[in-house]
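Notes to accompany the following structure.
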Amino acid sequence: MTANPTRVLVLNSGSSSVKYQLLDMADGARLAVGLVERIGEETSRLAHTPLATGGAKREQEAPIADHAAALQAVAAELAADGLGLDSPELAAIGHRVVHGGQKFTAPTVITDEVLAEIERLVPVAPLHNPANVTGIRTAQALRPDLPQVAVFDTAFHTTMPEAAARYAIDVATADAHMVRRYGFHGTSHAYVSRETAKLLGKDPSEVNVIVLHLGNGASASAVEGGKCVDTSMGLTPLEGLVMGTRSGDLDPAVILHLSRNAGMSTDEIDTLLNKKSGLIGLCGDNDMREIRRRIDEGDERAALAFDIYVHRLKKYIGAYYAVLGKVDAVAFTAGVGENAAPVREAAVAGLEQLGLAVDADRNAVRSGEPRLISPDGARVAVAVVPTDEELEIATQTYDLVSA
């Protein structure tokens, strides 16, 4: 074993996929990235890019029966580049785990007890936690001697006060069934809020930031001095902003109404709200680029979908401004937040009295670097900060095992 191994393998195990990145924490360099998808289907796909060697992307299509076979295939691809899982340079494997409940407030070395707790949380994360557990067990079997670390999507939001985290329902019922607001996208909100402070030349403890993570899934957070005090997603990722296929905030009586009057089952309503709502439900498209193209051609449904999306976004900016009292920056991130200039412009339009505005020329610039798009001297900075959840997971993992 080398004296100071610095590499971290980041695994994000979904129900039928595994995303991975190998990073060297000595300088944050990505050595390899890849994706295994359609696990368990007739034809699976593995795409692997060896960044360390500058090699071309390699793709293969063949049946991959389960996550164990998927990680074996990943290990073989890494080994082909001299980056195998048996490398003495590998310090740890960091796993993205969607739900950590109230117990896990920080990255955690995985033990049998930790795994049991992640499994106990399956009722509040039925789609994600089982896949996360499968990925962990498979990785443990491949490298039982190596530290395995769970980094939780929910952990960053555990600093929310009870006034923000609790729903106004019967306390005994809520506690018995773990019903409360947990929030998600936590690694992104943590990374972006910290990078925003760096962009302003300040310590995170000195900065209040509203982070807007706008991808196909979308969430907002109010971050006070580096700690989350409110976030838009709740018990599940369905609450909050209008998303690609999710409705976001909804009168809960809509569910009762559809059950009683439309005869819809709970599964049908679940599918409606999570997969057939949001932008795709409003206009048939969940790609903001396509929606903007349709708007430019005079499509009224696309224009209404855009307006509803922005209206909800603007409401959350105002609400979190009130929660924080003082705001130093609003940061846009993720696919839409980083690339859709019209969304950023519309989201802050009319909020000049709150100190919010964008400079048209700066907003139009496309860049992969963190940048300010507000005018010089603006009371509140408006920033675009590309998120890097894999680097955040690797950093948290490496810091923990190094300590």
Side-chain angles (χ1 to χ4, degrees), residues 6 8 10 12 21 23-30 94 96-97 100 104-108 149-161 164 182-215 217-233 316-317 320-321 323-335 337-338 344 367-374 378 380-403:
T6 57
V8 174
V10 174
N12 181 353
Q21 290 195 14
L23 299 94
D24 191 333
M25 301 315 295
D27 56 6
R30 282 171 175 74
R96 179 202 179 206
V97 178
F104 297 112
T105 63
T108 304
V149 175
V151 178
F152 300 92
D153 271 16
T154 50
F156 183 64
H157 304 301
T158 57
T159 54
M160 284 193 294
Y182 295 101
F184 299 90
H185 294 149
T187 51
S188 177
H189 287 278
Y191 178 84
V192 171
S193 60
R194 195 171 60 248
E195 288 297 302
T196 302
K198 187 185 298 183
L199 190 62
L200 299 180
K202 297 182 178 180
D203 188 89
S205 64
E206 303 172 323
V207 176
N208 288 358
V209 187
I210 297 171
V211 178
L212 304 171
H213 177 108
L214 308 179
S219 59
S221 67
V223 182
E224 182 177 48
K227 295 183 178 181
C228 178
V229 294
D230 207 346
T231 194
S232 58
M233 287 179 166
Y316 268 91
I317 293 172
Y320 287 172
Y321 207 118
V323 167
L324 292 168
K326 177 182 78 73
V327 175
D328 297 290
V330 173
F332 290 87
T333 194
E338 293 170 28
R344 299 191 297 259
S367 170
E369 297 298 318
R371 60 200 183 276
L372 295 178
I373 59 172
S374 45
V380 178
V382 180
V384 180
V385 180
T387 192
D388 197 331
E389 295 177 85
E390 289 77 16
L391 177 58
E392 180 68 17
I393 292 170
T395 300
Q396 292 192 25
T397 297
Y398 186 68
D399 287 349
L400 180 60
V401 299
S402 297

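These numbers come from a predicted model, not from an experiment. We're numbering straight along the sequence, starting at 1.
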Where is the tightest heavy-atom contact between [X] and [Y], given as atom of each residue plus distance?
X	Y	result
T395	M25	OG1-CE, 3.5 Å
Y182	M160	O-CE, 4.2 Å
V323	A222	CG1-CB, 4.5 Å
K326	E206	NZ-O, 4.5 Å
A218	M233	O-CE, 3.4 Å
T6	A26	CB-N, 4.0 Å

Could you tell me whether the side chain of [X] and the main chain of [Y] form a donor-acceptor pair under 3.5 Å?
X	Y	result
S221	V223	no
T154	G100	yes
T158	A155	yes
R194	G226	no
N208	A329	no
S374	V382	yes
T159	C228	yes
T333	T387	yes

Name all residues meeting the ring-ring contact (aromatic ring centres under 6.0 Å, His included) criterion together with [X]; count only those two or more places apart in sequence or in a different chain, and write none if there are none.
X	value
F184	H99
Y191	none
F104	F152

_Under 4.0 Å between a side-chain nitrogen and a carboxylate oxygen: does that hold for K198 and E195?_
yes
_Would L391 and R30 count as a side chain to side chain contact (heavy atoms under 4.5 Å, CB included) here? Give the steps._
CA-CA 9 Å; L391 177 58; R30 282 171 175 74; 4.0 Å; yes
*Could you point out which residue of V149, D24, V8, I393 forms a side chain to side chain contact (heavy atoms under 4.5 Å, CB included) with Y398?*
V8
*For a side chain to side chain contact (heavy atoms under 4.5 Å, CB included) with E392, tell me which candidate from T187, V151, V10 qualifies.*
T187
_Using the rule given for side chain to side chain contact (heavy atoms under 4.5 Å, CB included), can you reason through R96 versus D153, listing the C-alpha separation, both sets of side-chain angles and the distance that settles it, and then say yes or no?_
CA-CA 7 Å; R96 179 202 179 206; D153 271 16; 2.6 Å; yes
In the structure I gave you, are the side-chain heavy atoms of [X] and [Y] within less than 4.5 Å of one another anywhere?
X	Y	answer
R344	V384	yes
L372	L200	yes
I210	V327	yes

Distance in Å, [X] [atom1] paired with [Y] [atom2], rounded so as to fall on 0.5 Å steps:
X	Y	atom1	atom2	answer
E389	H185	CD	NE2	6.5 Å
E338	H213	CD	NE2	8.5 Å
T397	L23	OG1	CG	10.0 Å

*Test H189 against T231 for side chain to side chain donor-acceptor pair (under 3.5 Å), laying out the working first.*
CA-CA 10 Å; H189 287 278; T231 194; 4.7 Å; no
_Audit row: T196, K202, side chain to side chain contact (heavy atoms under 4.5 Å, CB included) steps and yes/no_ = CA-CA 9 Å; T196 302; K202 297 182 178 180; over 6 Å; no
